[in-house]
Amino acid sequence: MEGYKAFAATVRGYSHEVKGIVCQDSSFCYEGVNYALATVCDGHGGEKYFRSDRGSRFAAEEFDQCVFDFISDAHAWHLVDALANSGGQGYSTVLKEFDTAFDQLVRNFIFRWRERVCEDFKSHPFEDYEMKRVDDASKRAYLDGKHIHSAYGTTFLGVCMTHGVCFGFQIGDGDLFGIDASGAFFRLVEDDPKIKGNMTTSLCGDSAFSDARKFVRIHADSGFPVAVFASTDGVINSFSEESNLHDFYRQILLEMTQGGDISKELASVLPGLSKYGSRDDVSVAGVVNVGFLKSGTWTFKQAAVAADESNGSRLNG
Amino acid sequence: MLKPEGIVRRKMVLFFIVDTSGSMWGTKIQAVNQAVCEVLPELQKMSDGNADALLQVAVLGFDNAAYWLTAEPQNVDAFFWKDLEANGGTNLGDALFKLNEKLSKDGFMGHASGAFAPALFLMSDGCPNDDSYKKELEKLRNNNWFKKAIKVACAIGDDAGCSVLEEFTGTPETILTVHTPEALKKVIRFVSVTSSQIGSQSAHVGNRQIDAVESKQDSMIGALQASSDQFTDDSDADEW
């Protein structure tokens, strides 16, 4: 999509490196002709989620495929197009229709992820060594072929940006942020009261569909994001304040606007973020309207500098 | 070039809330002192290797009045246990009041996004002899950090007020009764290590029931039930 750049990066957590545990996060991005997408997924770390690294990878891959199918569907694309050009009369009807199609996308995604898990389980049944440290109740269930999706449990955060519509959804913890043309950050989905302290919802849960928090932003509305960011909880847990995370995102924007190699930069900086921060796996992904930022950087830079001065930290670039 | 700022490790505070009234004098308080000293290296090791949090310790003693032995939570690797002495009454109300004060962002739970819910470990061998404990407990129950905290209590001997301890933890499943110094030491070790392990992990989906979302307190209850044979006290009578 002209003017847009997507990025995604995942780094294994410091403690996972030390303990020899695989990275359970996954991320993915794609830039197509009509859209760009980005996703991050955080496989659960408990002992009964011993295939969560695969679960998070499956989620990232299936989201890509589901969005491709969605955008390729003539009716869905018509709705995206109608929303992008809507305003005033008929807007609410189109939005309602889009929401129904979007619901179906989410259902398809969950279904396909579950199918993918089943296929993997059939070709690679659980091994004894994998279940050695699993609690008795879960082990009994697994041996009976029940709740096998739990072993692949993961969170999911995905966004898709077209020229006129930005949409996405989240299941479980992690952060989805947008930034508008004035440089202000905002959360793309509401907080989930089920996610408190150490508790999270999950793609492997029976209530995954109702736990999915969706958002749709229309270009005609104020506050359409010029960039969207998704990150797993290992990222925000590495910062003392949410504003530090925003600063980090802002640095990513500036780096991309200035033509830097963001993948290389993230590969270099994320290991330190994990080591001195959460020690957890860390993933960041996003879609950025680089074209807009390059052409309209005056407004953005003013806002970024103002925001930065107000929280007393330095802005790089 | 990217230069993220404000990087911190999240923290989890383990609170030891210890009855230091006169009835704790002798083998009881000695066992507490010894057990906490012995478990510290294990907590240090856990903090160094822990995935998600830096472990800190805070100590609140209470007899005629409550008093903090730690002006602020201490990192376990820099923490030295100062032996507690026992004398005076059992002013639990003041302990709950002082705990409530510190379970706040202005108290020990600073770092807005940087603290996990704490673990609160109350040890007592008697009943409160103050009138304020019910009122202070009511206030404490409205504290969000308290609501989310892991709460375990150890009833030391037959005279301990189990119903009072249960009011504190909210459930009889997290009350452990001990009758001997050895049992007390085992409980202190188990609760300190397990509550720190559970309390310092980031988000997870439930352990006890497939796909059920559970709280850290639920996880702690599960751990206590699963490992009860490690610290079950078979003695019928007190040996202090």
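Lettering follows sequence order; numbering is per chain, from 1.
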Handout entry: Residue pair B:Ile7, A:Asn244: steps toward the side chain to side chain contact (heavy atoms under 4.5 Å, CB included) verdict
Key = CA-CA 8 Å; B:Ile7 300 175; A:Asn244 297 130; over 6 Å; no

Fill in the blank from the handout: Closest heavy-atom pair, B:Val8 versus A:Phe239, reported as atoms and distance to 0.1 Å, is CG2-C, 3.6 Å

Problem - CZ (A:Arg133) with more than 12 external heavy atoms under 6.0 Å - result: no

Problem - Pairwise distance NZ(A:Lys264) to CE(B:Met1) - rounded to 0.5 angstrom - result: 10.5 Å

Problem - Interface moiety of A:Val269 toward chain B, non-hydrogen atoms closer than 4.5 Å - result: side chain

Handout entry: Exceeds 12 heavy-atom contacts within 6.0 angstrom, atom CZ of A:Phe186
Key = yes

Fill in the blank from the handout: Honestly, the part of A:Ile262 sitting under 4.5 Å from a heavy atom of chain B is side chain

Completion exercise
Taken to the nearest 0.5 Å, the spacing of A:Asp247 CG from B:Leu2 CG works out to 12.0 Å

Problem - A:Phe209 CZ: over 12 foreign heavy atoms closer than 6.0 Å - result: yes

Practice task
Apply side-chain hydrogen bond (donor to acceptor under 3.5 Å, both in side chains) to A:Asp53 and list each qualifying residue two or more places apart in sequence or on a separate chain.
Solution key: none

Fill in the blank from the handout: Under 4.5 Å to a heavy atom of chain B? For A:Leu245 that would be neither

Practice task
Please check if the side chain of A:Glu241 supplies one atom and the backbone of B:Gly6 the other of a donor-acceptor pair under 3.5 Å.
Solution key: no

Completion exercise
Closest non-hydrogen contact found for B:Arg10 with A:Asn237 is NH1-OD1, 2.9 Å

Handout entry: Best-contacting candidate, A:Ser238, A:Gly260, A:Ser274, against chain B by heavy atom pairs under 4.5 angstrom
Key = A:Ser238

Give every donor-acceptor pair under 3.5 Å between a side-chain atom in residues 68-82 of chain B and any protein atom, sequence neighbours left out.
| from | atom 1 | to | atom 2 | distance (Å) |
| --- | --- | --- | --- | --- |
| B:Thr70 | OG1 | B:Val59 | N | 3.0 |
| B:Gln74 | NE2 | B:Glu72 | O | 2.9 |
| B:Asn75 | OD1 | B:Gln56 | NE2 | 2.7 |
| B:Trp81 | NE1 | B:Asn33 | OD1 | 2.9 |

Handout entry: From CD (A:Gln251) to NZ (B:Lys3), nearest 0.5 Å
Key = 9.0 Å

Handout entry: Neighbour count above 12 (heavy atom, 6.0 Å) for B:Lys185 NZ
Key = yes

